[in-house]
A.B. asks: 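One structure, pasted below without further comment.
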There are 2 protein chains.
Amino acid sequence: MLCPGPRPRNAAATRTAILDAARERFAAESYDDVGMRDIARDVGVDAALISRYFGSKDDLFVAALDSCGDGSALMQGEKADFGRRVAHEIVFEPKKAEKLKGMSIMLRSIGSAKAAEMVQSSCTQRFFGPLEDWLSGPDATVRARLLAGFIMGMSVSRELGGGTFNIQPAECEKMRDRLAPILQSLIDG
Amino acid sequence: MLCPGPRPRNAAATRTAILDAARERFAAESYDDVGMRDIARDVGVDAALISRYFGSKDDLFVAALDSCGDGSALMQGEKADFGRRVAHEIVFEPKKAEKLKGMSIMLRSIGSAKAAEMVQSSCTQRFFGPLEDWLSGPDATVRARLLAGFIMGMSVSRELGGGTFNIQPAECEKMRDRLAPILQSLIDG
DNA sequence: GACGCTTGTCAACAGGCGTTGACAAAGCCA
DNA sequence: TGGCTTTGTCAACGCCTGTTGACAAGCGTC
């Protein structure tokens, strides 16, 4: 990520690099755990530059969240296949499931009061909302909340297992097979 | 909570008061957001005293987590009624559902790397474990993980809604009614 | 009453944080 | 070449944090 030699003078590229690094950091660690100097080191830049480009740490956080796009990545593919596909990703390919970087950031920030406040507004707008629209049919609002809750909950469960669910591989398959129809039932209505 | 006048000299009572305050704080805010001085103020004591009684903030955190007991509160009552009962509590009485204070603390700490590390060991031991034992029948491990994940996920979803699910009261009933059979199916096997 | 142990307070420290303003270097234009 | 703007670095500031050691006050005991 960090290349040797002096960084070429290119404000736009540097700004983008900072935003990318911030997105990764905030998705992997809590708001409080991420330091400006950490992000700066990732990019190979002085921390002071970030303040100048983005104003404050809060502003950078919001910018990083905004740069994640909405939850549309989750909604690609066949609806009939959703349950099995997403269950598989949650259990076996969490990194792939993290195409919802925004979800990871939200998850990481529920602890910090300040971060949670910043997340809440954009959460409904860019996550619950699109999901709700995508889920046509009765009780779309409720189903969207349940769906989002379950998906995030499994991430929590994984995290508390120490990065895995801390169970046998054979059990993982069973987990996927039990999870899939539950998710699917929320899709189907 | 804080009574006027000088605190009576009683080491045991003071120690307990500190532990209680810490448990409440760590369940309501992230590890990083909770300051020693905050807890001290809750109790009406100097922050230095906490260090002397508990060693370090980390030690206090672990002690607070240990003081939460296991997840047995969740498992009281009829199994046949579990889904409906817990779904109701999650949606309408989150404070009551927080008889699992330990779960709240775990939830608050998934952000902070240090806190998460401290939580992980006791998590399996005092939460996943008892739940798994209680759920007899096939795939108890997997069902316990799913159950715990779903319950925590709904807490996250609530939190991201700003303390409520941010939906209409009528929708809340629908949410409960959809959530209940899902939880119950994981209980029944 | 004087001692000694316990209980609690106070001031201060070292370390980390986000942020700022002054300064250096690079590129552009005349 | 000389100036000017842009891009980036550096040192430092003020603030907040957990923790420590010295000190004060309460309480039982000789």
Side-chain angles (χ1 to χ4, degrees), chain A residues 1-22 25-26 29-65 108-109 111-115 117-118, chain B residues 1-22 25-26 29-65 108-109 111-115 117-118:
Chain A
M1 189 75 74
L2 196 150
C3 49
R7 163 164 288 273
R9 290 168 57 90
N10 186 336
T14 302
R15 213 192 118 96
T16 305
I18 292 172
L19 199 57
D20 290 345
R25 281 275 179 184
F26 284 126
E29 302 167 68
S30 74
Y31 177 86
D32 289 315
D33 277 2
V34 175
M36 301 290 267
R37 290 170 175 84
D38 296 328
I39 299 173
R41 203 177 309 118
D42 289 344
V43 182
V45 128
D46 192 273
L49 199 62
I50 305 182
S51 283
R52 205 160 52 208
Y53 278 174
F54 290 90
S56 68
K57 184 183 178 183
D58 287 12
D59 293 333
L60 174 62
F61 180 79
V62 171
L65 190 60
R108 294 281 173 205
S109 52
S112 162
K114 195 206 289 185
E117 190 188 341
M118 288 188 284
Chain B
M1 187 78 74
L2 196 151
C3 49
R7 163 163 287 273
R9 289 169 58 89
N10 185 336
T14 301
R15 215 191 116 94
T16 304
I18 292 172
L19 199 57
D20 290 346
R25 281 277 179 184
F26 284 127
E29 302 168 68
S30 75
Y31 177 86
D32 289 317
D33 278 2
V34 174
M36 300 290 267
R37 290 170 176 83
D38 295 329
I39 300 173
R41 202 177 310 117
D42 289 344
V43 182
V45 130
D46 192 274
L49 199 62
I50 305 182
S51 285
R52 204 157 57 206
Y53 278 172
F54 289 91
S56 68
K57 185 184 178 182
D58 287 13
D59 294 332
L60 175 62
F61 180 79
V62 171
L65 189 60
R108 294 282 173 203
S109 52
S112 162
K114 195 207 290 186
E117 190 187 342
M118 289 187 283

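Keep in mind that the numbers below use all heavy atoms, side chains included, and drop hydrogens, waters and symmetry copies. We name chains A, B, ... by the order of the sequence lines, and we start the count at 1 in each one.
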A.B. asks: If you assign B/Arg52 and B/Asp58 each to the DNA chain D nucleotide with the nearest heavy atom, which residue ends up on the more 5' nucleotide?
C.D. replies: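 Upstream on the strand: B/Asp58.
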A.B. asks: Check every strand shown and say whether B/Ala48 touches a base, only sugar-phosphate, or nothing at a heavy-atom separation below 4.0 Å.
C.D. replies: base
A.B. asks: Is the phosphate of D/dT7, meaning OP1 or OP2, less than 4.0 Å from a side-chain N or O of A/Tyr53?
C.D. replies: no
A.B. asks: Report the C-alpha distance between A/Tyr31 and A/Asp58 in whole Å, list the side-chain angles of each, state the deciding distance to 0.1 Å, and finish with yes or no for side chain to side chain contact (heavy atoms under 4.5 Å, CB included).
C.D. replies: CA-CA 9 Å; A/Tyr31 177 86; A/Asp58 287 12; 2.3 Å; yes
A.B. asks: Atom CG of A/Leu49 to atom P of D/dG8: distance rounded to whole Å?
C.D. replies: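 In whole Å, D/dG8 P and A/Leu49 CG are 6 Å from each other.
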A.B. asks: Tell me: CE of A/Met36 to P of D/dG8, nearest whole Å?
C.D. replies: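 Taking CE of A/Met36 and P of D/dG8, I get 15 Å after rounding.
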A.B. asks: Is there a side chain to side chain contact (heavy atoms under 4.5 Å, CB included) between A/Tyr53 and A/Thr14? Walk through the geometry before answering.
C.D. replies: CA-CA 9 Å; A/Tyr53 278 174; A/Thr14 302; 4.0 Å; yes
A.B. asks: Of B/Ile39, B/Leu19, B/Val43, which is the lone residue that meets side chain to side chain contact (heavy atoms under 4.5 Å, CB included) with B/Ile50?
C.D. replies: B/Ile39
A.B. asks: Which whole-number value in Å describes the distance from B/Lys114 NZ to D/dG18 C1'?
C.D. replies: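 These atoms are roughly 9 Å apart.
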A.B. asks: Between C1' on C/dA26 and CG on A/Asn10, what's the gap in Å once rounded to a whole number?
C.D. replies: 13 Å
A.B. asks: Between the base of C/dG27 and the side chain of A/Arg9, is one N or O donor paired with an acceptor at under 3.5 angstrom?
C.D. replies: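 Result: no qualifying N/O pair found.
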A.B. asks: Is it the case that the base of C/dG18 and the side chain of A/Arg37 share a donor-acceptor contact (distance under 3.5 Å, atom types as modelled)?
C.D. replies: yes
A.B. asks: Taking for each residue the nucleotide of DNA chain D bearing the nearest heavy atom, is the 5' side occupied by A/Asp46 or by B/Asp46?
C.D. replies: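 Result of the comparison: A/Asp46.
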A.B. asks: Any base atoms under 4.0 Å from B/Phe54, or only sugar-phosphate, or nothing? Heavy atoms, all strands.
C.D. replies: nothing
A.B. asks: Nearest-Å distance, CZ (A/Arg41) to C1' (D/dT9)?
C.D. replies: 16 Å
A.B. asks: Side-chain N or O of B/Thr14 less than 4.0 angstrom from OP1 or OP2 on C/dG8?
C.D. replies: yes
A.B. asks: I need the CG-C1' distance between B/Asp32 and D/dG18, as an integer number of Å.
C.D. replies: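 So the CG-C1' distance, B/Asp32 to D/dG18, works out to 12 Å.
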A.B. asks: For A/Ser112 and B/Asp33, which heavy atoms make the closest approach, and how far apart are they?
C.D. replies: CA-OD2, 3.2 Å
A.B. asks: Against the six-membered ring of B/Phe61, is B/Arg25 placed for a cation-pi contact (under 6.0 Å from the centre, within 45° of the normal)?
C.D. replies: no
A.B. asks: Between C/dG18 atom P and A/Asp59 atom CG, what is the distance in whole Å?
C.D. replies: 14 Å
A.B. asks: Can you measure A/Lys57 atom NZ to C/dG16 atom P for me and round it to whole angstrom units?
C.D. replies: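 Atom-to-atom, A/Lys57 to C/dG16, this comes out as 15 Å.
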